[in-house]
Amino acid sequence: MRLLKRATEKPRRRRAAVGPLMAGVAALGLVAACAGGDDSRAGPGAMTDAEREAQVQALFDAGVYFCPMDLDVRSSEPGFCPRCRMALVMGLPEPVDYTMDVTVTPELLEPGGTARLDFVVRDPWEDRPVTDFEIMHERPFHLFVMSQDLGHFAHVHPTRDSETENFHIDLDLPRAGLYQVLADFYPVGGTPQLIARSFIVPGGRLEPAAVGVDYTAPRQGENLQVELVTEPAEPIAGQETELYFTVTPGEGLEPYIGAWGHMLAVSDDLIDTVHGHPFIADGGPEMLFHLTFPRPRNYRVWVQFQRDGVVNTVHFDIPAKELTF
Amino acid sequence: MTTACIRTGLGAAILAGAAVAAEAHDALTTSVNWSRTVSRIVYERCASCHRDGGTAFSLTTYAEARPWAVAIREEIFARTMPPWGAVKGFGEFRNDRAMYPSQINLMVSWIEGGAPEGDPEDLPEPPEYPEENAPAAETVRVVRNGATLESPVVIDGLFPRDVPDGGSYQIVAELPDGRVEPLVWLYEYRNEYGHAFLLEKPLELPAGTVFRGIPAESSLDLIPPPSEPGVRD
């Protein structure tokens with residue numbers, strides 16, 4: 001009912017539509033507030049910065065469960081992150097970095113061919129192979145694949161070898177040049193990992209992608225259209241940008257591998273890769289993502305939304321400007 | 001019950017407001033704090049230089065690091081600190097000093113969330129700084145862009161020399177059988193912090209290998225594996 005109604009609304013009311021959603025997200029803080037026994041009755045306007053800081057600190061201190069991925073999310077009760085749906089953990093674990101060996105076969109790669117990638121993850125303490133992974137967005141192992149020209153993008157899930165318990169996948173290599181793969185996994189007892197590796201298919205040129213500026217026109221996916229409005233309209237490097245996506249038709253949306261949307265932003269020179277999920281989403285046609293572009297460059301931003309069982313992948317090319325005074 | 005709800009409702013409102021106004025008020029909106037997490041990253045990635053008696057101002061305590069928070073975020077985003085000078089994932093190095101994406105995320109979340117201190121009880125042991133032994137001056141081969149190997153080599157490390165500031169250079173080895181091996185992707189490499197990139201695994205390059213991607217004015221030292229102690233020829 002609600003979904004249908006929302007779909008018939010004019011999509012321009014983004015700001016207003018986000019209001020009630022924001023309250024939903026804040027409910028997480030609500031739990032913390034109860035547990036914290038916070039006593040202040042003054043509204044935000046009546047507080048000094050120090051009081052506000054103390055109050056927010058009290059709220060946060062009360063929450064002992066954290067999302068290991070969305071570092072600003074916490075709760076005083078076990079549960080799931082409303083943003084990425086990962087299980088909340090007790091206390092924020094110290095960051096640990098695992099090593100990952102990747103074997104690419106065959107040795108001589110060819111454009112138009114395939115490559116098999118075998119992954120062995122090792123723990124940083126004993127250097128032993130790791131086979132226990134948390135299920136993150138319904139899968140234990142995610143892989144993003146990009147060609148250097150950013151013309152090829154895939155979000156795939158390596159499969160586990162039943163004997164060795166290690167992950168492997170066959171990748172299509174539509175063109176020559178450099179490929180970057182980003183492995184996204186979360187070893188049990190560790191912290192989420194995002195590890196990059198590159199390999200080269202001979203015959204191409206190694207040069208940055210020609211990413212232009214193209215983010216105001218709507219994009220047509222398989223069975224939905226995606227429109228983007230950014231705030232600010234011209235994003236600034238190093239400062240948070242809000243990305244409001246509106247999809248039409250707005251009904252029939254489904255979580256895709258555990259989230260209402262997935263986003264990967266990659267700089268034209270492949271150096272920055274930022275991965276995220278909606279900051280605010282409730283299954284309706286409007287979703288808000290937060291993103292900080294690290295450097296003043298052009299970024300290609302892929303988003304994925306699922307509707308009626310079909311995964312839609314579209315991209316926008318967004319420039320981030322240098323901050324000037 | 002009602003009062004509790006009003007109270008909690010207010011807390012929630014403040015929290016939502018705080019998230020929006022985080023920049024303006026430096027409100028604390030992160031689960032990451034100095035004592036537990038950030039100190040460990042700084043000890044690992046920054047303190048070899050940023051400490052008393054190091055080559056740059058000290059960042060080893062909360063009091064020292066806090067005032068630098070905004071500058072730290074800038075340097076991390078720009079990839080100018082730590083001055084490792086190469087992109088992760090293109091070649092693998094056992095002495096890699098670049099931050100992991102997870103470390104960047106944690107530090108940025110800490111800074112954007114108001115850079116809280118946390119409980120000093122959680123601080124790790126202060127790090128020790130072993131004297132770094134530069135790899136012994138083995139007989140290195142020096143190659144320039146387009147150079148072809150006349151005899152096979154095994155390389156254990158690479159030392160880029162005279163690299164122009166601020167560029168991005170993907171240096172590769174083209175093998176005679178057609179394979180292209182990524183060697184190192186220099187980015188924001190600065191000669192003043194020049195250093196060797198020691199390979200995770202030694203790399204065999206046959207005769208006929210051609211080096212590409214080295215800037216015209218630069219050269220690359222090919223460092224052989226250290227000869228085993230006692231074995232000399």
Side-chain angles (χ1 to χ4, degrees), chain A residues 22-23 25-34 36 38-41 43-44 47 49 52-53 55-57 59-60 63 66-67 71-74 92 94-95 97 107-109 178 180 191-202 206 208 237-240 269-273 292 294-295, chain B residues 4 6-19 23 25-33 36-37 40-41 73-74 76-79 87-92 100-106 108-110 112-114 116 124 168 170 172 174 177-182 185 187 212-213:
Chain A
M22 183 69 111
V25 166
L28 208 78
L30 206 134
V31 180
C34 280
D38 155 44
D39 234 335
S40 166
R41 267 162 293 119
M47 279 198 298
D49 279 1
R52 188 198 316 274
E53 222 177 272
Q55 186 166 34
V56 175
Q57 181 73 67
L59 286 173
F60 278 116
F66 302 96
C67 172
L71 298 167
D72 54 337
V73 167
R74 62 183 67 201
L92 188 70
E94 283 158 25
D97 292 294
E107 283 203 330
L108 185 55
L109 303 169
L178 176 79
Q180 192 179 58
T191 46
Q193 310 286 308
L194 193 62
I195 302 183
R197 289 285 181 271
S198 317
F199 59 86
I200 295 170
V201 179
L206 299 180
Q239 306 214 333
E240 192 169 84
D269 61 1
L270 271 187
I271 289 178
D272 298 317
T273 44
T292 302
R295 294 172 304 145
Chain B
I6 291 168
R7 242 168 40 200
T8 54
L10 194 77
I14 292 165
L15 195 67
E23 298 270 331
H25 293 282
D26 269 4
L28 304 180
T29 54
T30 178
S31 56
V32 185
N33 66 52
R36 205 181 156 95
T37 304
R40 288 175 166 82
I41 300 174
R73 187 179 65 160
E74 267 172 35
I76 291 176
F77 273 153
R79 310 246 171 183
V87 178
K88 258 202 194 330
F90 193 100
E92 285 172 64
Y100 289 101
S102 58
Q103 295 177 319
I104 295 178
N105 278 350
L106 287 162
V108 168
S109 175
W110 175 65
E112 293 184 345
S168 173
Q170 293 173 333
V172 300
E174 290 178 2
D177 66 3
R179 271 184 290 156
V180 183
E181 282 289 337
W185 178 351
Y187 182 76
R212 302 269 184 218

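Residue numbers begin at 1 in each chain, while the letters A, B, ... track the order of the sequences. Values below: all heavy atoms of this structure, side chains included; hydrogens, waters and symmetry mates excluded.
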statement: Those residues at least two apart in sequence (or on a different chain) that pass side chain to side chain contact (heavy atoms under 4.5 Å, CB included) with B/V172 are A/I200, A/L206, B/F90, B/V180, B/R212

- prompt: How many angstroms lie between OH in B/Y100 and CD1 in A/I195, if you round to the nearest 0.5 Å?
  reply: 7.0 Å

statement: Ranked by heavy-atom pairs below 4.5 Å to chain B, first place among A/L108, A/D269, A/I271 goes to A/I271

query: Side chain, backbone, both or neither: which part of B/E174 has an atom under 4.5 Å from a heavy atom of chain A?
result: neither

message: Using heavy-atom distances under 4.5 Å, tell me whether B/E92 contacts chain A through its side chain, its backbone, both, or neither.
response: side chain

- prompt: So which of A/L270, A/V201, A/T273, A/L194 has the largest heavy-atom pair count under 4.5 angstrom toward chain B?
  reply: A/L194

Nearest-0.5 Å distance, CZ of residue A/R197 to NZ of residue B/K88: 8.5 Å

query: Given that the side chain runs from C-beta out, which part of B/W185 has a heavy atom under 4.5 Å from chain A: side chain, backbone, both or neither?
result: side chain

- line: Closest non-hydrogen contact found for A/P202 with B/R179 is CG-CA, 4.3 Å

query: Quick one: side-chain hydrogen bond (donor to acceptor under 3.5 Å, both in side chains) partners of B/S102, sequence neighbours excluded?
result: A/D97

- line: Between A/S198 and B/P182, the two heavy atoms sitting closest are O-CG, 4.2 Å

field: Segment of A/L178 engaging chain B (4.5 angstrom heavy-atom cut-off)
entry: side chain

Closest approach of A/R295 to B/Y187 (non-hydrogen atoms, all atoms of both residues): NH1-OH, 2.5 Å

Rounded distance [0.5 Å steps], CD in A/E107 versus CD in B/E181: 8.0 Å

